[in-house]
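Step one of this worksheet: look at the structure below.
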Amino acid sequence: MDSSKINDGYRSAFLSVLLQIGVMFGVSIIISTIIGAYATAVSGAVDPVQLSDRITSVTNEYVMVINAITYLLADSIPVLVFMKVSKNKGKIRNWFGKSKMSAGLVSLLCFTTIAIAFLDSIIITIYNSIFGSSGVTEQIGVSLTTDNTAVFVISILYICVVGPFLEELLFRGFILHETACVSPVFGIVISATLFGLFHMNFEQAINGAILGILFGYIALKANSIVPTVILHIFNNTFSCVLTIVSEKYGLSDTANNVLTVAVLIFGIIGFVILIAKKGKLRRNEDMIDSDIFVTDETLDEIKSKENKNNLTTGIVFKRAYFYVTYIILIAICILIQFQ
């Protein structure tokens, strides 16, 4: 092995996100074209304003169905493509190995993820008070209160199950798989920041990055993404249930306060136990795919042979893919914010 193989892993991780963006926009354009043709055929509208209103109405009604189709393809295709072309040949099934984290601890960590989500709600409130909402929260709310049963079911399945699974497959599976072999911390930071920006709005980017750090740590310590899939599903399901209950029945201030305090207490307990039991990351032990494990001796040999001291930032910060990926993601967030 030499540093080119390590660089290939970093490059594959970043390019997978660029491919994800490309697939997402490509599918979105195709779906928009289909909706436009459908709206034209059904409404028979000739007036551009009427036609535009019809297209907007159809899009709003099926927004989560559109998102489900888009992200189903955008999250899965990059993994399948780059697992074929990457030099760091591992196996996807290895990412779902037996977890080294107990069910009890994972249960407590469910509260930790919700506690972070509560923090996110505070961040969103501050963000919206400054910039105004980008509409993400409202779109989800509308989809969950729709009278269309099929749309409601697909929305729930997408938000609570399919979305979390595919996101973990891409970010805690493939991207962490490609970037953590030299430094687990470096891999976690890369996967977490890309995960945050992947949401393509600043409202969710901070929360996504914080969750990404926690999930990355858990995945490496568990030697499996199974716990993070569970936590991600729980996090999204809890949010959906809370949204539905609040909108249909309402929650008193007392109930909200009790729920918040309970979640924070158990969330902090879970986090403290996690850190106390698992401790610092150890490169020789904490991984999700032993098939591509790089020994300390191999790294020392590469550094000596190629006269390189830094095989993480020393490589990545000199590559265009690093800057191109982050610039594109940040630009998209800005464009969405000010559209």
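Fair warning: this is a prediction, and the values are worked out from it, not measured in the lab.
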In terms of heavy-atom contacts, Val263 and Phe111 come closest through CG1-O, 3.6 Å
Thr70 versus Ser28, closest heavy-atom pair with distance: CG2-OG, 3.9 Å
For salt bridge (charged side-chain N to carboxylate O under 4.0 Å, His left out), just list the numbers for Asp8 and Arg11, CA-CA rounded to whole Å, side-chain angles, deciding distance to a tenth of an Å, and then say yes or no. CA-CA 5 Å; Asp8 178 79; Arg11 180 174 58 244; 3.0 Å; yes
Please walk me through it: do Ile225 and Phe96 pass side-chain contact (heavy atoms from CB on, under 4.5 Å)? CA-CA 6 Å; Ile225 69 170; Phe96 296 91; 3.6 Å; yes
Just by distance, no angles: are the side chains of Tyr158 and Asn236 close enough, under 3.5 Å, to form a donor-acceptor pair? no
Which value, rounded to the nearest 0.5 Å, describes the distance between Ile6 atom CD1 and Leu299 atom CG? 5.5 Å
Looking just at side-chain N and O atoms, do Tyr71 and Ser76 make a donor-acceptor pair shorter than 3.5 Å? no
For residues 168-175, which side-chain donor-acceptor pairs fall under 3.5 Å, sequence neighbours excluded?
from, atom 1, to, atom 2, distance (Å)
Glu168, OE1, Arg172, NE, 3.0
Glu168, OE1, Thr228, OG1, 2.8
Glu168, OE2, Arg172, NE, 3.4
Glu168, OE2, Arg172, NH2, 2.7
Glu168, OE2, His232, ND1, 2.7

Distance-minimising heavy-atom pair for Tyr321 and Ile315: OH-CG2, 4.4 Å
Once rounded to the nearest 0.5 Å, what's the spacing between atom SG of Cys110 and atom CZ of Phe234? 4.5 Å
If you take all heavy atoms of Ser155 and Met64, which pair is closest and at what distance? OG-CB, 3.1 Å
Short question: side chain of Ser191, backbone of Gly187 - any donor-acceptor pair under 3.5 Å? yes
Could you check whether Thr312 and Asn310, counting side-chain N and O atoms only, form a donor-acceptor pair closer than 3.5 Å? yes
Could you tell me the separation between the CG atom of Leu220 and the CG atom of Asn223, rounded to the nearest 0.5 Å? 8.0 Å
Supply the atom-to-atom distance Leu197 CG to Ile328 CD1, rounded to the nearest 0.5 angstrom. 12.0 Å
Go through the steps to decide whether Asp286 and Lys278 satisfy the test salt bridge (charged side-chain N to carboxylate O under 4.0 Å, His left out), and finish with yes or no. CA-CA 10 Å; Asp286 302 323; Lys278 299 301 179 179; over 6 Å; no
Taking side chain to side chain contact (heavy atoms under 4.5 Å, CB included) as the criterion, tell me which of Val23, Leu72, Val27 meets it with Ile77. Val23
Which pairs, with at least one residue in residues 312-336 and sequence neighbours excluded, count as a salt bridge (charged side-chain N to carboxylate O under 4.0 Å, His left out)? none
If I compare all heavy atoms of Arg283 with all of Cys181, which pair ends up nearest, and what's the gap? NH1-O, 2.7 Å
Donor-acceptor check, side chain of Glu306 to backbone of Ser3, threshold 3.5 angstrom: yes or no? yes
Would you say the side-chain atoms of Ser224 and Lys98 include a donor-acceptor pair closer than 3.5 Å? no
List the steps, then state whether side-chain contact (heavy atoms from CB on, under 4.5 Å) holds for Thr33 with Ile30. CA-CA 5 Å; Thr33 302; Ile30 293 172; 5.7 Å; no
Side chain to side chain contact (heavy atoms under 4.5 Å, CB included), paired with Phe186, selected from Ile190, Val182, Val189: Ile190
Could you walk me through whether Phe215 and Val229 satisfy the side-chain contact (heavy atoms from CB on, under 4.5 Å) test, starting with their C-alpha distance in whole Å, then the side-chain angles of each, then the deciding distance to 0.1 Å, before giving a yes or no? CA-CA 9 Å; Phe215 286 177; Val229 170; over 6 Å; no
Establish whether Ile269 and Leu214 are linked, either directly or via other cluster members, by ILVMFWY side-chain heavy-atom contacts under 4.5 Å. yes
Output yes when a side-chain donor or acceptor of Thr298 lies under 3.5 Å from a complementary backbone atom of Val294, and no otherwise. no
CD1 of Ile210 to OG1 of Thr113, rounded to nearest 0.5 Å, is 12.5 Å
With Lys303, which residues qualify under salt bridge (charged side-chain N to carboxylate O under 4.0 Å, His left out), at least two apart? none
Looking only at heavy atoms, which two atoms of Gly216 and Leu176 are closest? And how far apart? O-CD2, 3.9 Å
Please determine whether residues Val272 and Ile275 belong to a single hydrophobic cluster, defined as Ile, Leu, Val, Met, Phe, Trp and Tyr linked transitively by side-chain heavy-atom distances below 4.5 Å. no
Where do Phe25 and Ile332 land on the side-chain contact (heavy atoms from CB on, under 4.5 Å) test, with the steps shown first? CA-CA 11 Å; Phe25 280 103; Ile332 292 173; 3.8 Å; yes
When clusters are formed by joining ILVMFWY residues with side-chain heavy atoms under 4.5 Å apart, either directly or through shared neighbours, do Val261 and Ile268 land in the same one? no
Tell me whether the centres of the aromatic rings in Phe14 and Tyr10 are closer together than 6.0 Å. no
Linking I/L/V/M/F/W/Y whenever their side-chain heavy atoms sit closer than 4.5 Å, directly or via other members, would Val258 and Ile265 fall into one cluster? no
With no hydrogens and no angle check, is any side-chain donor or acceptor of Lys221 less than 3.5 Å from a backbone partner on Leu274? no
From Leu80 atom CG to Leu73 atom CG, the distance as rounded to the nearest 0.5 Å: 10.5 Å
